[in-house]
Every structure is written in structure tokens, then in C-alpha cells.
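Step one of this worksheet: look at the structure below.
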Amino acid sequence: MTERGQATGGVPRALSSFVGRKELLAELRRRLGASPLITLTGVGGGGKTRLALELAGQVQRAYDDGVRVVELAPARGGDPELLAQVVLSAVGVPDQATTTPLDTLVDYLRSRRVLLVLDNCEHLVEPVARLVRAVLGAAPGVRVLATSRARLRVPGEVLVMVPPLEVPAEDAPPSAACESVALLVERAEAGVPGWRVTPENWPDVVRVLRRTAGIPLAIEQAVVRMRSMPVSLLADRLDDVMRVLTANDTTRVAHHQTMAAMIDWSHAQCTPAERLLWARLSVFEGGFSLPAAEAVCSGGELGRDEVADALAGLLDKSIALPSADRSRHHLLEPLRQHGAVRLRASGDLADVHARHQAFFREEAARLAGGFVGHNEAALLAAVDLDMANHRVVLADLITDPASAHAGLQMSVDLARTRWYTYAGRLPEERLWLGRALAATPATADPLRVSAMALDAWIALCLGVERAQVARRVEELIGLAGEVGVPLPPVTFVRGAYEVLALGEIGGVELLRQAHEGFGAMGPHFAVDHHLAHILHTVSLVLLGTREQAEPAAEEFFAECERLGALWGISWAHWCRSVVQTRWGSPTRALEVLREGLRVQRAIRDKWGPLWTIEALGWAHAEAGDAAAAARMLGLAHGLHRVTGVRVDGLVPFALFSGRAAARARATLGDDAYERAYANPAESVEQALAAVLDEPEPAGPRDRRPAGLTQAEWNVARLVGDGLSNPEVADRLVISPATVHTHLTRIYRKLDIANRHQLITLLANLAE
């Protein structure tokens with residue numbers, strides 16, 4: 001059992017120990033060194049996924065660029081574009097606007113040593129095979145480990161059958177050396193307090209293992225029953241199950257029949273409410289929360305207030321598995337498939353699918369309209385957790401002409417949450433908007449025009465050819481005229497185009513109007529109002545005068561602090577830093593930008609750090625540190641490359657970066673500049689670590705106490721110099737509230753109570 005999480009890369013944390021398979025693991029380690037593709041195949045429930053993850057964990061140090069595990073259930077349906085998007089997301093590669101997702105993936109992996117684990121391929125064998133062929137044909141350092149009930153038929157594929165665990169002979173003496181015995185004992189001792197193998201119960205243990213045919217999932221399902229009955233009764237019940245299975249067939253029972261019989265038996269042990277819930281839960285992709293289960297799975301014979309108890313029963317029987325904090329749950333794939341078969345047979349499929357669609361349509365609208373500021377990170381995390389469900393619903397809505405308009409609305413709602421930007425998935429946003437627009441009539445209604453405006457905004461962010469964006473903006477102006485009412489999304493994208501693509505100050509007024517227009521639309525559009533405020537302020541600090549920019553940046557910072565909007569606060573830091581870089585103290589700008597990066601790392605923002613690190617290059621150049629400027633510009637360039645953003649297409653950014661580069665190059669000379677600039681960043685995390693975690697030189701008084709961050713130390717030193725909180729805030733260009741927060745943490749870390757003790761401590765350190 002492993003914990004399913006949303007973080008990309010690496011091997012998921014196992015929630016239970018791995019038992020047995022030592023010889024098979026050794027063989028697989030040898031084969032993986034020589035074969036580009038190994039496909040683990042075998043009966044459902046036979047442990048293919050768990051074996052693949054154990055193998056990946058054992059060999060991950062052999063791969064310079066790590067292991068990436070891709071759960072393919074969210075891409076079920078065979079959509080090649082969506083499959084590539086899911087793999088890109090799991091590998092941790094933001095898309096590029098100018099290439100297809102598959103081309104992006106191949107380009108990213110071309111020079112890397114990576115183990116790619118593709119789990120549950122049987123639902124989309126052909127598209128997975130095409131993807132694997134493309135990757136292995138271009139990336140000699142990549143190895144692929146797949147789990148599938150069917151072979152991929154890719155040249156060089158090595159098919160490895162994962163057999164059931166060895167079971168003891170009927171007359172075998174008691175021994176835990178047998179793998180199936182070890183698994184049963186380990187799970188039983190963990191789940192049934194006080195249980196042990198004894199000479200008396202050994203024959204019944206053997207019977208249980210032989211009836212489950214050594215299939216790991218069947219053994220684990222059997223152990224669940226041991227919580228409520230002795231192993232002797234469990235063995236008798238399994239004897240009955242097998243007699244029914246073989247009543248009309250004297251031939252040897254196949255392993256898949258044994259697994260099916262075990263799942264059927266587990267199904268029979270459930271209450272009617274649990275059976276009904278099991279079937280209905282099969283509609284979820286990538287897991288579900290209790291509120292989602294209550295909304296989607298209640299109805300008819302299962303009341304909403306009965307869902308929690310039924311889910312508890314499924315958890316007790318290990319049919320549903322929880323996350324570590326029990327906020328989400330999922331079904332193992334063989335059990336999900338069983339539930340799906342039961343759901344189709346029940347006649348409830350259409351109703352449950354309709355409720356699933358309705359819930360996630362409403363959830364997308366709620367998330368788009370629920371922004372109040374302090375809940376910003378929670379809203380983004382909620383989109384992230386259920387993105388697999390959102391994708392399935394979007395695909396279903398868009399492909400059905402009767403619901404295509406609802407799909408367009410949902411695609412707009414998800415775009416408005418800004419999750420795609422936050423997660424670095426902007427091309428996926430364009431994919432869904434483009435499909436929804438293509439599926440709906442080309443009429444000049446406000447929703448369609450808003451969708452087109454969102455698409456143009458994304459294209460602009462990604463550096464799509466200026467002429468193409470210009471044509472879309474002209475089209476939007478015409479359509480807005482046909483609609484006949486003010487459309488803030490169109491005003492917004494017009495202003496963004498003038499500022500970013502043309503570098504014209506006139507676009508700032510359009511952004512102000514868009515900000516005002518979104519505000520007039522009410523609280524449901526608070527997130528759009530906030531985004532317009534961000535871009536309006538960014539535009540002023542880039543193109544305006546100090547008299548325009550400085551108060552705008554301060555006003556925006558105050559508004560973000562009032563809202564508690566962390567993403568906005570990181571951009572407020574960015575705006576204040578640019579003011580300092582242009583007209584104030586570039587040294588202050590550097591610390592403000594680092595504070596913004598800390599916020600961005602804390603909320604796992606994949607977009608903001610691109611621009612913050614770029615601005616660090618500007619500030620370093622103005623501060624006279626040419627080598628640091630070149631390093632920061634090189635890091636930013638690496639991030640822009642892997643995300644597909646063409647900064648040269650965004651005029652104000654290109655102008656500032658060009659000036660910084662020219663100044664640094666003039667100071668260092670071409671060769672030294674290029675050496676400093678060659679500072680690759682293959683991920684946002686890597687770039688953040690390079691900027692925030694690198695050691696900083698210490699001066700004579702710079703004896704930072706262990707445990708204090710650089711930001712806390714900066715505050716502490718100024719307090720030690722006798723400055724008040726407002727004076728510290730002014731010196732560091734942060735708010736007094738942030739100073740107070742830092743001081744609270746400093747007191748706790750240094751085990752002191754007040755300002756006087758801090759000043760005394762710092763004075764002693766200086767001696």
C-alpha cells in the first residue's frame with residue numbers, strides 16, 4: 001500500500017512494508033540495467049504496482065535525474081494529448097507553448113538519466129506505446145518500467161510475468177520463510193492485535209494461503225476477515241468460495257478467477273450500503289473526499305447521512321484506502337474496476353455520472369468564485385487534488401454536443417482559479433479552452449468571448465507570436481462590440497497586450513478599467529479583480545514614473561496584506577522591489593525579492609519564481625554585482641526555457657533584462673559573463689534552492705545564531721542596532737506586521753522573551 005499524493009517525481013511513500021519477491025527483484029535489477037523497457041504483467045491484484053515501486057526505490061540512486069512515477073488512471077480514455085499532459089505533470093516538466101506535449105516531454109528527457117514508471121497501462125496500451133517509442137527513440141538514458149495486463153509491443157520490450165507468491169504445501173511444517181506466509185503474518189500481526197502463528201492454527205493458515213493462490217491482494221483481503229473471525233473459520237469460508245467457483249468446472253482454477261472470487265467474496269461480506277457505495281465510488285478518478293462521496297454517491301437506497309458510515313465500513317475492510325491525514329480516499333484499481341462492473345449492472349451508471357459531473361461543475365464554479373484572499377492557497381490546493389476528476393468531467397462535457405456549453409463554462413471557471421498558472425500548466429489550459437470553443441457555436445455571447453479573452457491572455461503569457469495574439473485581440477474587440485455590454489475580460493487582455501507585447505503605457509489605463517470593471521461585477525469575480533490589480537501594478541512599476549509606481553506598489557502591498565493573499569503578496573514584493581531597483585536601493589530590492597521567493601516556495605508556486613529570479617538579475621546589475629546578475633539571468637533563462645515562456649516577446653521584461661545583461665557583460669567581459677550565465681535550472685525547485693539555500697558570506701558581526709533564516713537575521717540585526725519595528729520595516733521594505741511575525745519566530749527559536757533580551761544577546765555575539 002502506498003500513499004497517493006500530488007507531488008511530482010520520486011517514489012510514493014509506502015504505508016506498509018514490502019514482503020518477499022527478493023529473487024524477482026534481483027532479476028529485475030539486472031534486467032533494468034540492460035533493457036530500455038520492462039513491462040510487469042500478471043493478474044490484477046498480483047502486486048505489479050507495489051513491486052514496481054519497490055524496484056524503483058531500490059535503484060533510484062542509479063539514475064542521475066531520478067525516478068518519476070506516473071499513475072495513468074487519470075488519463076483513462078486513450079486521449080493522446082491528455083496522456084502526454086499527465087506524464088509531463090508527473091515528470092515535473094511545465095509545458096511549452098510552441099511544441100506538442102509529447103515533443104516537450106521527449107526534448108526534456110533527451111539528455112537525462114531517468115527511470116520512468118508507468119502504472120496501469122492496460123487502459124491505453126496504444127497511446128502509451130506511441131509515447132514510449134518516442135521517448136526511448138530519442139533518450140538513451142531513459143529506462144521505462146511499466147505495469148500492464150497487456151504488453152505494449154514496443155521494440156526492445158522485456159515482458160516479465162509477476163507470479164503469485166509461493167504458497168506452502170499442504171503438509172509443510174510451520175515456517176515464515178515462504179513469501180505468502182510472511183505477507184499474511186506481517187499484515188495479520190499489524191491488523192489483528194495479539195494474533196500469532198501457532199502449531200495449532202498453522203494448518204488453517206496454509207488452507208487460507210492455498211485458497212487465495214498466493215495473490216497479494218487476495219491475501220490482504222483475507223486478513224481483513226481475521227479481524228472478526230478465527231483463521232479456522234476463515235479457511236472454512238474460503239473453502240466454500242472455492243467449491244462454488246469449481247462446482248461446474250473440474251479444471252484447475254485460473255489465478256484471475258481466484259482473484260475475482262476473492263473480490264466477490266469481499267463484496268458479499270459488505271452491507272448493502274457498503275456495496276452500493278463501492279460501486280458508485282468507481283466513478284471517481286484520482287481519489288475523492290468524503291464531501292464529494294456524499295454528494296455523488298448518495299441517492300435512492302443510500303442516504304447522504306449513510307455515506308460516512310458506509311465509507312468507514314469500506315475502510316475497515318481495506319476496500320477503500322485513506323491518505324495519511326484521512327482527508328481523501330481511493331480504491332485500488334482491481335477493486336475500482338469491480339465497482340465499475342457492479343455500477344454498470346445496477347442501472348445507476350447514468351445517474352451517478354450525472355451527479356459526478358454536477359458536483360465537479362459546481363466545484364469549479366465555487367473555486368473560481370470563492371476567492372477572498374486568505375483562502376487563496378487552499379483554493380489552489382483543492383483544484384490540484386481533484387484535477388483528475390475535473391479533467392474527466394471536462395472531456396465528457398465537451399465531447400457531448402448537448403453539454404458542450406457547460407464544458408465551456410467549466411473550462412472558463414477552472415481557468416479563472418489560476419491553478420494552471422500556479423502549477424505551470426498554461427498550455428493545458430489552452431488545450432481545454434480550445435476544445436471547448438471548437439465544440440460550441442461561434443456566437444458573440446459573453447461566456448464565449450470571455451473564454452477567447454482567457455485564451456489570448458495565456459497565449460500572451462507564453463510568448464505566442466505577436467501577430468497571432470494581435471489578430472485575436474482585434475477579433476475580441478469586434479465581438480465585444482456585438483455583445484453590447486462592457487466585458488472586463490476583453491478590456492483586460494487589450495491592456496495586457498498593449499503593455500506586454502507593445503510596451504505602451506496606454507495599456508495601463510485599460511488595465512485600470514478592467515480592475516474597476518471586475519470589481520463592479522461583485523464578489524464572485526474577486527479573483528479576476530485581484531489578478532487585474534496585480535497586472536495593473538506590475539505595468540506601472542515597469543512603464544510608469546516613480547510618482548505613479550511607488551504609491552501603486554504600496555497600495556497593492558497593503559491590499560494583499562489586508563486580504564492575506566499569499567500569491568498576491570509575493571507579487572507585491574516583486575512590485576516594491578522593482579521600484580527600489582529603478583529609483584531607490586537595489587540592495588533593499590534584493591532582500592525584498594528573496595522574501596517573495598520564500599513565499600512562492602512556501603505555497604509551491606511554479607510561475608512567480610520565473611519573474612522574481614529575473615528581477616534579481618536586474619537588482620544585482622544595478623547594485624554592481626555583475627557576476628550575481630549573470631547567474632540570476634541564467635537561472636531565469638533556464639526556467640523560461642523549460643516553461644516555454646519567451647521573455648523576448650514581453651517587451652518590458654525583455655527591455656529590463658537586456659539592460660541588466662549589457663551592464664553585467666560590460667563589467668565581466670564576454671567569457672566571464674557566459675560562464676556565470678551558464679547556470680542551468682531544470683526545475684523551479686532547483687532554481688529556488690540555488691537562490692535561497694546558497695551560503696552567504698558572513699561579515700565580522702554576521703554571526704547568525706543557528707536556526708535563524710537569513711530574513712529573520714536581517715530583522716534581528718536591525719533590532720539590535722536599536723531600530724523600531726516601523727524603521728526595520730522601512731529599511732527592509734516589508735510591512736510592520738511581517739517584522740512582528742519574524743520577531744515572534746526569533747524569540748521562540750532563541751528561547752528569549754522580549755526585545756531587550758534579543759538586543760543583549762546580539763551585543764554578546766558581537767564581542
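Predicted model only: the values in this text are computed from it and were never measured.
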Problem set entry | Backbone N/O of N120 and side chain of T147: donor-acceptor pair under 3.5 Å | yes

Seminar exercise, completed: So CG of L437 and OG of S411: to nearest 0.5 Å the spacing works out to 6.5 Å

For this session: Can you sort out the partners of R418 under salt bridge (Lys or Arg N to Asp or Glu O under 4.0 Å), two or more places apart, ordered by chain and number?
Result: E376

For this session: Using the side-chain contact (heavy atoms from CB on, under 4.5 Å) rule, take L321 and H329 through it: C-alpha gap first, then chi angles, then the decisive distance, then the call.
Result: CA-CA 5 Å; L321 300 178; H329 311 85; over 6 Å; no

Exercise. Hey, mind stepping through S570 and L597 against side-chain contact (heavy atoms from CB on, under 4.5 Å) and telling me if it holds?
Worked result: CA-CA 7 Å; S570 73; L597 278 178; over 6 Å; no

Exercise. Taking the side chain as C-beta and beyond, is there a heavy-atom pair between V144 and L115 under 4.5 Å?
Worked result: no

For this session: Begin from the C-alpha positions of V372 and L563 and carry the test side-chain contact (heavy atoms from CB on, under 4.5 Å) through to its verdict.
Result: CA-CA 7 Å; V372 293; L563 291 171; over 6 Å; no

Exercise. Is D605 reaching over with its side chain to a backbone N or O of G608, donor-acceptor style, under 3.5 angstrom?
Worked result: yes

Exercise. Atom CZ in R149, atom OG1 in T39: separation rounded to 0.5 Å?
Worked result: 15.0 Å

For this session: Could you tell me whether the side chain of L124 reaches within less than 4.5 Å of the side chain of L83, counting heavy atoms only?
Result: yes

For this session: Heavy atoms only: give me the nearest A84-L102 pair and the separation to one decimal.
Result: CB-N, 3.9 Å

Exercise. What are the two closest heavy atoms between H530 and A565, and how far apart are they?
Worked result: NE2-CB, 3.9 Å

Problem set entry | Distance in Å, L639 CG paired with K606 NZ, rounded so as to fall on 0.5 Å steps | 11.5 Å

Problem set entry | Distance in Å, L72 CG paired with C121 SG, rounded so as to fall on 0.5 Å steps | 5.0 Å

Exercise. Distance under 6.0 Å and angle within 45° of the ring axis: does R361 meet both against F359?
Worked result: no

Exercise. Between R280 and G299, is there a donor-acceptor pair closer than 3.5 Å when you use the side chain of the first and the backbone of the second?
Worked result: yes

Exercise. What do you reckon, are the aromatic ring centroids of H330 and F288 less than 6.0 Å apart?
Worked result: no

Exercise. Can you name the nearest heavy-atom pair linking Q221 to K317, along with the distance?
Worked result: NE2-O, 3.6 Å

Problem set entry | Minimum side-chain heavy-atom gap V283-H353 below 4.5 Å | yes

Exercise. Would you find a donor on one side and an acceptor on the other, under 3.5 Å apart, between the side chain of R355 and the backbone of V296?
Worked result: yes

Problem set entry | Set of salt bridge (Lys or Arg N to Asp or Glu O under 4.0 Å) partners for R326, sequence neighbours left out | none

Exercise. Less than 4.5 Å apart, any side-chain heavy atom of H267 and any of H338?
Worked result: yes

Exercise. For the side chain of N389 and the backbone of H356, is there at least one donor-acceptor N/O pair under 3.5 Å apart?
Worked result: no

For this session: Could you tell me the separation between the CH2 atom of W278 and the CG atom of L331, rounded to the nearest 0.5 Å?
Result: 8.5 Å

For this session: Quick one: do E685 and R601 satisfy salt bridge (charged side-chain N to carboxylate O under 4.0 Å, His left out)? Show the steps, please.
Result: CA-CA 8 Å; E685 291 79 9; R601 180 156 67 175; over 6 Å; no

For this session: Give a yes or no answer on whether the side chain of Y422 reaches the backbone of W567 with a donor-acceptor pair at less than 3.5 Å.
Result: no

Seminar exercise, completed: Heavy-atom nearest pair, L426 first then C461, reads CD1-CB, 4.1 Å

Problem set entry | Donor-acceptor under 3.5 Å (S323 side chain, R328 main chain) | yes

For this session: Search all heavy atoms of L380 against all heavy atoms of T417 and return the closest pair with its distance.
Result: CD2-O, 3.5 Å

Problem set entry | Verdict with reasoning, R50 to E54, per salt bridge (charged side-chain N to carboxylate O under 4.0 Å, His left out) | CA-CA 6 Å; R50 191 68 177 85; E54 181 67 17; 3.8 Å; yes

Exercise. Relative to W432, does R435 satisfy both conditions: NZ or CZ under 6.0 angstrom from the six-membered ring centre, and within 45 degrees of the ring's axis?
Worked result: yes

Problem set entry | Main-chain N/O of G373 paired with N375 side-chain donor or acceptor, under 3.5 Å | yes

Exercise. Out of curiosity, F492 CZ to D528 CG, how far, rounded to the nearest 0.5 Å?
Worked result: 9.0 Å

Exercise. Considering only heavy atoms from C-beta outward, does the side chain of V684 approach that of R604 to under 4.5 Å?
Worked result: no

Problem set entry | Check: M387 and R391 side chains under 4.5 Å, non-hydrogen atoms | yes

Exercise. Side chains of L105 and V135: closer than 4.5 Å at any heavy-atom pair?
Worked result: yes

For this session: Could you tell me whether a side-chain N or O of E71 sits under 3.5 Å from a main-chain N or O of L118, the two making a donor and an acceptor?
Result: no

Problem set entry | Min side-chain heavy-atom separation M452-D455 under 4.5 Å | no

For this session: May I ask you to check whether S298 and E306 show a side-chain donor-acceptor distance below 3.5 Å?
Result: no

Exercise. Does S289 use its side chain to pair, donor to acceptor, with the backbone of A292 at less than 3.5 Å?
Worked result: yes

For this session: Would you please test V69 and V67 for side-chain contact (heavy atoms from CB on, under 4.5 Å) and show each step?
Result: CA-CA 7 Å; V69 178; V67 174; 4.2 Å; yes

Seminar exercise, completed: Shortest non-hydrogen pair, L397 vs G407, comes out as CB-CA, 3.7 Å

